[in-house]
Amino acid sequence: MQNAQILFPVNVPGAFDYAVPIGMELSVGDFVYAPIGKQMKLGVVIGLGTAEVGRELKAIAERKATRPLSPDMVKFVLWTAKYNVASPGQVLRMVIRSYKALDPSPIVNHYLPTGETLRQLTSSRRAVLREGGPFPARASEIASRAGVSAGVVKGLVKIGAMQELAMPVDAPFPVPDPEHPGMALTQGQEDAAKELAAQVKMGGFSVSLLDGVTGSGKTEVYFEAVAEALRQGGQVLVLVPEIALTQAGLERFAKRFGAEPAAWHSAIGDAPRRRVWREVAQGRAKLVVGARSALYLPFADLKLIVVDEEHDTSYKQEEGVIYNARDMSVVRAKLSGHAVVLASATPSLESLHNARSGRFAHIVLPERPGAAVLPEIGLVDLKETPAEKGDFLSAPLIDAIREGLSRGEQSMLYLNRRGYAPLIICRSCGEKLKSPDTDSWLVEHRASGRAMCHLTGFSMRMPTQCPKCKADDSLTAVGPGVERVAEEAARHFPEAKIEIFSSDTAGNPAAIKDRMDRMARGEIDILVGTQMVVKGHNFLNLTFVGVVDGDLALAGGDPRAGERTYQTLVQVAGRAGRAKKAGHALIQTHQPEHEALLALAAGDRELFIGVELAMREMLGLPPFGKLAAIIIWGPDRAKTEALAKKMVSLAPRTDGVEILGPSEPPVGRLRGQYRRRLFIQAESTVNLSRYMAVWRQKIRPPAKYKVQIDIDPQSFM
DNA sequence: AGCACGCCGACT
DNA sequence: GTCGGCGTGCTC
């Protein structure tokens with residue numbers, strides 16, 4: 001009697017055993033329907049066997065006639081679950097985002113002009129014939145293009161001017177052409193491109209770290225690896241940070257490969273989602289550009305994954321199944337035996353360490369083609385040259401902007417804080433305005449006249465009196481946000497065109513592009529922005545970047561703070577004078593002696609990496625040791641604390657594992673829940689996932705209390 | 001993820 | 001006195 005292990009895309013601890021009916025042929029990866037409880041559910045075969053289970057099993061009802069998941073994909077799902085201490089069903093849920101996508105694309109009528117020349121047509125009919133084609137389209141689509149009703153299209157079929165074709169709703173994606181001429185490469189880029197392409201050509205698992213400063217042509221170089229994989233008839237996945245998934249980004253691919261790639265992100269609509277999923281599963285979508293979740297698409301024949309901006313924190317999924325798409329990409333490539341390219345101007349320390357130790361091939365692109373060099377970076381010691389009282393821009397920053405303006409050049413002020421002021425305080429009673437169910441401060445947004453919580457999205461009209469002591473006009477803005485910095489800049493430079501760029505003001509992708517275009521055309525003199533400005537724009541006339549608060553990311557207990565600061569500042573500084581002139585950057589700081597800032601000012605990346613790696617090694621932090629976190633959530637402060645302490649007391653005793661905490665995270669309350677956090681630091685020889693799984697099983701949190709495990713935590717907020 | 005079982009407020 | 005609210009538990 002044959003049985004099968006079926007994994008359902010639901011949050012249960014593991015797979016269930018079923019009997020395989022006589023005559024049913026099954027393989028690992030097959031989709032099947034099987035009875036579970038009172039319902040019939042779709043699942044995936046993850047194992048087959050003949051061993052007696054010792055109890056009566058229900059039988060599989062039906063094998064679904066659809067392309068099975070590849071056995072590699074099944075392994076990848078299970079591996080993801082095990083490593084991240086999640087249930088495999090929950091991971092499968094990420095793969096099967098839509099059940100309908102498993103069925104073939106529905107067939108509907110499409111319409112195309114026959115080319116028949118007819119006289120005496122109404123204007124509506126002429127419009128339809130003009131707008132129809134060159135490809136067959138749905139009647140409604142042609143009708144809306146022509147500004148008429150769909151009936152007109154069908155009417156034209158009757159008189160033979162249009163033909164009706166039964167076609168799948170999902171149009172196939174255009175096939176990218178690897179031989180489509182791309183941009184000319186410099187010798188250095190050519191060499192790097194050849195090396196990457198050779199890795200792909202050779203086949204088998206490999207990881208390459210493509211390391212090149214802003215403007216070194218990284219994208220063009222990895223395009224050659226993409227081309228090689230396409231030449232072999234395989235599929236390619238390019239992961240990009242969520243924010244980089246713009247029309248402009250997709251157009252770069254279109255330019256190189258003559259066809260726009262299939263795009264994937266979490267907010268994609270239902271119909272396009274099904275289309276991409278189906279075409280990917282059938283192996284017909286050859287080139288997919290997507291955000292992190294695209295890694296869980298069921299590729300039929302994946303040959304290459306590129307992780308662009310591999311250091312970007314948005315690769316970490318922080319909800320549901322907590323995983324890091326960059327790390328999981330390497331796992332997926334290993335399981336399927338293909339190449340991965342990790343690309344970045346500021347690679348993560350983990351990747352640099354892997355490159356240094358020879359686990360990754362390290363391909364360093366020569367600096368920018370042509371004469372341009374990285375901008376000069378200086379530090380402004382705020383202890384010596386503070387800003388005017390109540391202001392945030394010191395004299396050196398203001399002077400630099402003035403100089404730029406006098407030469408007709410652009411400046412950028414960088415501050416990673418949205419809104420007007422990060423804190424609203426009452427001058428008469430000292431009350432700090434907080435979000436109702438959080439400990440986080442409300443941020444004043446003067447442009448919209450509101451007080452907002454950036455964590456929960458809570459927002460209210462900016463009060464005119466203190467909610468506690470009822471004093472009128474006593475609420476004061478404390479600290480700078482981009483709006484306030486822009487206001488200050490406007491005071492200094494009343495004639496300058498100043499714009500704010502943050503997620504509040506950005507708007508939709510089109511509005512973002514518009515603003516970036518205006519910046520590129522020189523229509524903005526001073527751009528004040530949060531980290532949103534940091535992503536890959538080329539501003540020819542930008543020659544100065546002022547970092548308003550270089551200390552921002554240095555504070556707090558985040559062991560990655562130094563790295564983050566360095567990455568951000570390098571990228572921000574890289575905006576300055578990217579093409580023609582060597583621009584300059586100034587960083588305001590209270591800690592000019594901080595190693596990260598000194599290395600930055602010296603323009604010495606190797607020094608920075610060396611210092612930082614040495615510090616990590618000394619502290620046993622990644623990449624030299626392992627790190628995990630446990631977040632305990634609950635509605636009652638004391639009980640949450642008690643549960644956290646109980647977790648600590650239940651921790652399995654093992655050598656090489658140290659438990660830190662419980663501590664209160666920076667935001668102790670979130671969404672009305674109290675939170676406590678533990679950090680688990682382990683030596684590299686410890687199987688930390690298994691340790692965490694064993695530990696997790698020892699406790700059953702009471703109702704409404706949650707224990708969340710985060711392997712390799714990135715966020716310390 | 002569903003679906004059922006189970007213990008507390010507004011209805012014929 | 002019931003109908004039903006959704007909170008918790010189980011599914012091979």
Side-chain angles (χ1 to χ4, degrees), chain A residues 1-64 66 68-69 73-74 77-78 80-82 84-103 266 268 270 273-274 277 293 296-298 317 319-323 437 632-636 639-640 642-643 646 671-674 693 696-709:
Chain A
M1 178 69 168
Q2 207 192 20
N3 53 45
Q5 288 168 278
I6 308 297
L7 187 61
F8 294 98
V10 297
N11 190 9
V12 292
F16 290 166
D17 294 314
Y18 284 86
V20 180
I22 313 245
M24 187 184 280
E25 286 285 320
L26 282 184
S27 316
V28 168
D30 279 337
F31 287 94
V32 293
Y33 287 104
I36 173 164
K38 303 229 158 163
Q39 16 162 8
M40 191 63 77
K41 250 188 129 26
L42 182 78
V44 172
V45 178
I46 64 160
L48 291 159
T50 48
E52 279 301 320
V53 183
R55 64 168 187 266
E56 195 72 15
L57 294 180
K58 289 190 184 176
I60 293 169
E62 184 194 336
R63 180 181 164 278
K64 189 170 174 67
T66 190
L69 287 185
M73 191 67 198
V74 173
V77 166
L78 300 178
T80 299
K82 200 164 223 164
N84 295 293
V85 199
S87 79
Q90 230 183 330
V91 180
L92 185 62
R93 189 77 250 244
M94 305 197 301
V95 176
I96 308 168
R97 295 278 297 268
S98 152
Y99 289 96
K100 269 197 202 157
L102 286 161
D103 296 318
S266 56
I268 191 173
D270 285 348
R273 159 174 287 146
R274 287 193 294 267
W277 203 95
S293 58
Y296 290 87
L297 282 169
Q317 167 89 34
E319 265 170 35
V321 180
I322 298 174
Y323 67 94
D437 50 4
I632 295 113
W633 301 66
D636 180 272
K639 283 180 186 152
T640 306
L643 181 58
K646 194 169 172 209
R671 275 166 250 163
Q673 301 267 301
Y674 289 88
R696 177 71 184 75
Q697 277 210 312
K698 289 170 120 182
I699 197 150
R700 220 188 136 80
K704 296 186 173 166
Y705 287 78
K706 208 165 86 178
V707 171
Q708 196 179 26
I709 292 171

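Atom set for the values below is all heavy atoms of this structure, side chains included, hydrogens, waters and symmetry mates excluded. Just so it is clear: chains get the letters A, B, ... in the order the sequence lines come, proteins before strands, and each one is counted from 1.
Atom NZ of A/Lys82 has 12 or fewer heavy atoms from other residues, nucleotides or ligands within 6.0 Å. Atom NZ of A/Lys646 has 12 or fewer heavy atoms from other residues, nucleotides or ligands within 6.0 Å.
Side chain of A/Asp30 to main chain of A/Ser27: a donor-acceptor pair is present (N/O by atom type, distance under 3.5 Å, no hydrogens or angles).
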Protein-nucleotides 1-7 of chain B N/O pairs closer than 3.5 Å?
from: B/dG2; atom 1: OP1; to: A/Lys41; atom 2: NZ; distance (Å): 3.2

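Between A/Lys64 and A/Asp103, at least one side-chain N (NZ, or NE/NH1/NH2) sits under 4.0 Å from a carboxylate O, which counts as a salt bridge.
The closest side-chain heavy-atom distance from A/Leu102 to A/Phe31 is below 4.5 Å.
For the pair A/Pro35 and A/Met40, the tightest heavy-atom approach, listed with the atom from each and the gap, is N-SD, 3.4 Å.
With values rounded to the nearest 0.5 angstrom, A/Ile36 atom CD1 is found 4.5 Å from A/Phe8 atom CZ.
First and last contacts of DNA chain C with chain A, using any nucleotide atom under 4.0 Å from a protein heavy atom and ordered 5' to 3', fall at C/dT8 to C/dC12.
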